[in-house]
2 protein chains.
Amino acid sequence: MHSPELLKGTLQTIVLKVLKDNGRMYGYEITQRVKELSDERILLTEGALYPALHKLEAEGMLRTETETIGKRVRKYYSLTPQGRSLVKERVSEFVEFIKTMGNVLQLQIK
Amino acid sequence: MHSPELLKGTLQTIVLKVLKDNGRMYGYEITQRVKELSDERILLTEGALYPALHKLEAEGMLRTETETIGKRVRKYYSLTPQGRSLVKERVSEFVEFIKTMGNVLQLQIK
DNA sequence: AATAATACATAAGTGAATTATGTATCTAAG
DNA sequence: CTTAGATACATAATTCACTTATGTATTATT
């Protein structure tokens with residue numbers, strides 16, 4: 001990302017929405033999916049991602065299942081019903097935000 | 001603003017663009033214009049605005065003129081040529097950002 | 001055999017913001 | 001007339017989401 005500042009505050013929204021769209025995923029998989037969707041522009045850092053996942057889990061938004069592949073442990077995350085409604089909220093907040101910014105910056109991308 | 005987190009990193013862009021569109025403005029005037037354009041959703045705080053203006057001035061992006069109205073002092077800011085090119089850069093960065101986010105969040109607001 | 005990718009985790013540090021505080025003038029209300 | 005709210009600037013203290021750094025361990029590639 002050229003301007004990482006702008007990304008602030010979008011992490012939860014991104015994680016939740018990607019989980020909604022892709023179902024059950026593990027942390028590393030999320031980083032790769034976001035990298036792909038953003039054409040290399042958004043590279044989630046582990047130091048931000050894992051604490052965010054733990055927090056969302058603690059708040060009851062995500063549920064986890066641990067799976068062992070060979071000798072490697074993977075922690076799969078999926079949305080709880082509460083998490084499902086949070087995604088909607090976060091995404092509409094973001095849409096609202098870009099509409100407002102569009103007005104302030106006089107962008108014609110309606 | 002419902003989600004003030006999202007606003008992080010947008011202050012410079014907002015200030016520069018509003019100055020570009022409205023010409024010469026003073027600090028308080030900027031807060032009021034942004035409030036108006038955002039329909040009360042973006043309320044710039046003085047603690048963020050004034051340091052940002054000082055920084056942009058120190059970097060040669062803004063030029064100031066002081067005017068005294070009655071006994072009140074107003075500091076008018078306007079863009080320098082350098083500031084003009086920075087606005088373009090910041091605004092395209094922001095447009096790029098919302099395009100990328102649109103892809104990641106699968107928003108159909110093209 | 002070494003390097004990169006996969007996969008998790010957490011602690012330390014950063015920096016752009018919020019919050020708090022201070023000064024001072026002008027205007028409207030009661 | 002005096003008090004509250006708006007106008008107008010400024011800066012210091014604090015917050016907190018993030019980056020950076022570090023750690024462990026497995027698997028794949030060269």
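Bear in mind that the values here come from a model prediction, so they are computed numbers and not experimental data. Proteins get letters first, then strands, A, B, ... in listed order; numbering begins at 1 in each.
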Does Gly47(A) or His54(B) map to a spot on DNA chain D nearer the 5' end, using the closest nucleotide for each?
His54(B)
Between P of dT23(C) and NZ of Lys71(B), the distance in whole Å:
18 Å
For the side chain of Leu11(A), starting at C-beta, report the closest nucleotide among dT19(D), dC18(D), dT11(D).
dC18(D)
Rounded interatomic separation in angstrom, taking CD1 from Ile69(B) and P from dC26(C):
11 Å
Any idea which of dA5(C), dC18(D), dA10(D) is nearest the Tyr50(B) side chain?
dA10(D)
Looking only at the side chain of Arg72(A) (C-beta and beyond, no hydrogens), which of the listed nucleotides dT10(C), dA7(C), dA10(D) gets closest?
dA7(C)
Is a donor-acceptor pair below 3.5 Å formed from side chain Glu5(B) to base dC16(D), judging by atom type as modelled?
no
Of the nucleotides dC26(C), dA17(D), dT18(C), which one has an atom closest to the side chain of Thr45(B)?
dT18(C)
Counting the atoms with a prime plus P, OP1 and OP2 as sugar-phosphate, which does Gly27(A) contact under 4.0 Å by heavy atoms, base, sugar-phosphate, or nothing?
sugar-phosphate
Closest nucleotide among dA10(D), dT10(C), dA9(C) to the Pro51(A) side chain
dT10(C)
Do we see a donor-acceptor contact under 3.5 Å between the side chains of Arg63(A) and Ser78(A)?
yes
Calculate the interatomic distance between Leu7(B) atom CG and dA17(D) atom P; express it in whole Å.
15 Å
With the threshold set at 4.0 Å, does a side-chain nitrogen-carboxylate oxygen contact exist between Arg90(A) and Glu93(A)?
yes
Is there a donor-acceptor pair closer than 3.5 Å between any side-chain N or O of Gln32(A) and the backbone N or O of Glu29(A)?
no
Between dC9(D) (C1') and Gln32(B) (CD): distance, integer Å:
14 Å
Distance check needed: dC16(D) C1' versus Leu6(B) CG, whole Å only.
15 Å
Euclidean distance, atom CZ of residue Arg33(A) to atom C1' of dA7(C) [Å, nearest integer]
19 Å
Among dA8(D), dA7(C), dT18(C), which nucleotide sits nearest the side chain of Glu46(A)?
dA7(C)
Separation of dC26(C) atom P from Arg74(B) atom CZ, nearest Å, is 11 Å
Between Glu59(A) and Leu56(A), is there a donor-acceptor pair closer than 3.5 Å when you use the side chain of the first and the backbone of the second?
no
Given dC8(C), dC18(D), dT25(C), which nucleotide is nearest the side-chain atoms of Tyr26(A)?
dC8(C)
How close do Leu19(B) and Leu62(B) get, heavy atom to heavy atom, and via which atoms?
CD1-CD2, 3.6 Å
Rounded to whole Å, how long is the line connecting atom NZ of Lys8(B) with atom C1' of dG15(C)?
9 Å
Walking DNA chain C from its 5' end, the first of Lys75(A) and Leu44(B) to be reached, judged by nearest nucleotide, is Lys75(A)
